[in-house]
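Just so it is clear, the model here is predicted, and its values are computed rather than measured. One-based numbering, in listed order, for ligands and for the atoms of each.
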Amino acid sequence: MFSTAQSIYPVRAIREIEDQLIPSAKPSLMERAGRAAAEDAVRLILDRPAAILIACGPGNNGGDGFVMARQLAQAGREVVVAFAAAPERLPAEAAKAHADYLAAGGTIVSDLPAAPANGWALVVDALFGIGLARPVEGRYAGWINALNAQPAPRMALDVPSGLDADTGQPLGTTFRATHTTTFIALKPGLLTNDGPDYCGEISVQRLDIEAPAWVPVRGQAIRPALFRAHLRPRPRNTHKGIHGDAGILGGNTGMVGAALLAGRAALWLGTGRVYVGLLDEYGPSVDCSQPELMLRRAHALPERLSALAVGPGLGTQPAAEGLLAAALGRPVPLVLDADALNLIGTDSALQSALAAREAPSVLTPHPAEAARMLGCDTACVQADRLHAALEIARRHRALVVLKGCGSIVATPDERWFINGTGHPGMATAGMGDVLTGLVVGLLAQSWPAESALLAAVHLHGAAADRLAREGIGPVGLTASETIDAARGVFNGWLIEAQRDPRITPPQRPIR
Ligand SMILES: NC(=O)C1=CN([C@@H]2O[C@H](COP(=O)(O)OP(=O)(O)OC[C@H]3O[C@@H](n4cnc5c(N)ncnc54)[C@H](OP(=O)(O)O)[C@@H]3O)[C@@H](O)[C@H]2O)[C@@H](O)CC1
Ligand SMILES: Nc1ncnc2c1ncn2[C@@H]1O[C@H](COP(=O)(O)OP(=O)(O)O)[C@@H](O)[C@H]1O
Ligand SMILES: [K+]
């Protein structure tokens with residue numbers, strides 16, 4: 001479970017790696033890429049003996065396709081290669097791959113053929129990779145539409161053609177893969193925005209390249225390995241005062257449930273005491289289904305808290321703004337969500353107070369909240385989610401999670417992480433409040449802010465994934481249910497961590 005962390009490189013960094021390694025690599029990177037793709041293909045279609053269709057494009061992605069075709073043919077598979085560009089205009093390595101394929105007895109058709117009577121075993125998109133420079137139109141758009149219509153597994157080499165490898169934005173017609181074999185490293189666009197919908201299952205083929213020291217890793221896929229050092233068993237001799245006092249500030253009229261959900265999530269993740277400060281003057285004084293929560297009026301949260309979350313159901317009235325301003329002045333780790341972010345987006349005094357904080361601040365915007373913070377619209381945030389998350393982190397000197405498919409965690413020093421857990425069943429009201437509660441719960445228990453955020457984001461999705469496997473969701477999953485599942489997943493991690501010899505022994509949080 002605690003497999004090593006996985007790097008993600010934007011196209012610019014992949015190019016740097018290629019530039020450094022291509023001249024000396026033996027066998028060539030393209031040879032390795034085509035071979036690795038052929039091996040993945042064989043595994044994918046062991047039980048499908050029909051012919052394989054490979055559509056090759058005018059650049060090096062097409063070159064990978066020619067190598068793959070040669071390898072598959074040599075392994076005894078029937079291969080049909082479609083290639084419509086001018087061979088003499090292929091880049092050098094792709095031209096060699098093209099020539100080697102022909103020399104090995106391969107043949108090429110210049111238009112996409114109709115499927116044989118027994119269908120294709122596999123269709124392969126080797127049209128465009130990281131060199132995609134503009135939306136796919138014309139002949140290649142027609143090819144992609146025809147490939148997408150095939151009732152066979154669909155494999156993309158490196159990146160589904162048409163998908164922006166950095167942003168996960170489809171540019172024009174885009175190949176919809178059931179499997180993507182990507183080379184050297186993950187790219188951000190495969191993991192966020194529309195990327196997961198177009199990539200299917202991803203296999204990373206590193207081509208025997210070690211993480212090169214000259215290209216700094218700034219992006220990583222979120223894995224428990226990143227925070228396992230904090231998954232420590234509790235000492236037996238402990239008491240609730242050691243496990244933190246979390247505060248939740250929110251729950252205005254009509255939105256009390258949001259604050260209760262966050263409070264419950266913090267409690268179920270092991271926080272010693274959880275206080276919920278409600279803005280609704282007619283709000284309940286007890287949560288009968290969770291009487292462990294200590295409900296207070298918003299202004300009456302205890303002075304001494306180990307971490308505070310502001311936002312779930314907060315509202316944007318002046319009272320809320322005043323409470324937020326006071327919270328920003330507290331020297332404790334702070335989670336800011338929902339209306340806390342909306343208020344900060346339009347108030348420069350709050351922005352200055354946030355940027356001036358010395359204790360950690362964690363911001364948890366969804367794309368619409370991120371757009372308000374950046375003064376743009378949601379489409380512009382989604383068009384480059386990584387950039388948006390990094391920009392918010394930089395401006396506010398805070399840790400940020402930009403939520404949604406492939407949530408992005410960004411740090412003020414320009415590092416970033418992409419989460420792969422979770423599913424569309426989480427797109428339901430209250431789910432973000434639960435995440436806020438999970439983050440503040442770990443902060444209250446003295447987790448360092450970055451680890452707390454990474455763990456909570458990963459845990460939130462993993463809890464929803466576990467429920468979906470059990471038939472609870474994806475459709476109809478409720479936020480409350482993920483709290484219960486998060487507790488289960490988290491305790492599973494703790495047990496796993498105790499078996500892992502790299503984990504340090506029980507430790508008492510320092511207070
Ligand atoms: N370098 C290496 O050794 C290795 C590279 N590797 C592989 O190479 C891939 C990158 O190759 P690449 O840089 O040649 O770019 P690629 O994705 O093939 O596309 C460029 C071509 O497409 C064209 N074009 C672009 N957009 C278009 C559009 N919308 N519609 C129509 N045409 C369009 C563009 O034409 P132009 O823009 O110049 O008109 C150019 O001809 C990478 O993803 C990996 O698969 C691996 O083998 C590992 C080793
Ligand atoms: N398609 C999806 N895939 C993965 N996670 C998702 C998806 N849709 C929503 N989520 C997650 O669910 C949560 C929804 O949060 P948010 O939009 O703030 O909900 P609310 O404001 O209703 O509580 C976020 O953590 C988000 O990352
Ligand atoms: K491709």
Any [X] side-chain heavy atom under 4.5 Å of [Y] side chain:
{"X": "M431", "Y": "H460", "value": "yes"}
{"X": "P58", "Y": "F128", "value": "yes"}
{"X": "C199", "Y": "L163", "value": "yes"}

What one should report as the nearest heavy-atom pair of A82 and P113 is CB-CD, 4.4 Å
H423: what forms a side chain to side chain contact (heavy atoms under 4.5 Å, CB included) with it, not counting sequence neighbours?
-> M426, A464, D465, A468, P474, L477
Short check: any N/O/S atom of [X] below 3.4 Å from the K ion (ligand 3)?
{"X": "A126", "result": "no"}
{"X": "D158", "result": "no"}
{"X": "G57", "result": "no"}
{"X": "V159", "result": "yes"}

Once rounded to 10 degrees, what value does the angle at the K ion (ligand 3) take between OD1 (D125) and OD1 (N61)?
-> 100°
Work out the angle at the K ion (ligand 3) between O of F128 and OG of S161, rounded to 10°.
-> 60°
Contacts of H98 that satisfy ring pair (Phe, Tyr, Trp, His ring centres under 6.0 Å) - sequence neighbours left out = F66, F83
For each nitrogen or oxygen atom of ligand 2, which protein N/O atoms lie closer than 3.5 Å, and how far apart are they, rounded to 0.1 Å?
from, atom 1, to, atom 2, distance (Å)
ligand 2, 12 (O), M426, O, 3.4
ligand 2, 15 (O), G432, N, 3.2
ligand 2, 18 (O), K403, NZ, 2.7
ligand 2, 19 (O), G432, N, 3.3
ligand 2, 22 (O), G430, N, 3.1
ligand 2, 23 (O), G430, N, 3.2
ligand 2, 23 (O), M431, N, 3.3
ligand 2, 23 (O), G432, N, 2.7
ligand 2, 23 (O), D433, N, 3.4
ligand 2, 25 (O), H460, ND1, 3.4
ligand 2, 27 (O), G404, N, 2.9
ligand 2, 27 (O), S407, OG, 3.1

Can V67 and D64 be said to form a side chain to side chain contact (heavy atoms under 4.5 Å, CB included), step by step?
-> CA-CA 5 Å; V67 175; D64 295 343; 5.9 Å; no
Is it the case that D40 and S203 place a side-chain donor and acceptor less than 3.5 Å from each other?
-> yes
Under a 4.0 Å threshold between the charged nitrogen and the carboxylate oxygen, would [Y] count as salt-bridged to [X]?
{"X": "K187", "Y": "D158", "value": "yes"}
{"X": "E18", "Y": "R15", "value": "yes"}
{"X": "R466", "Y": "E481", "value": "no"}

For N145 and N148, run side chain to side chain donor-acceptor pair (under 3.5 Å): C-alpha distance rounded to whole Å, both residues' side-chain angles, the deciding distance at 0.1 Å, then the answer.
-> CA-CA 5 Å; N145 284 330; N148 283 344; 4.7 Å; no
Listing by chain and number, which residues have a heavy atom under 4.0 Å from ligand 1?
-> R15, E18, I22, L29, M30, A33, P58, G59, N60, N61, D64, E93, F128, G129, I130, G131, L132, A133, R134, P135, V136, D158
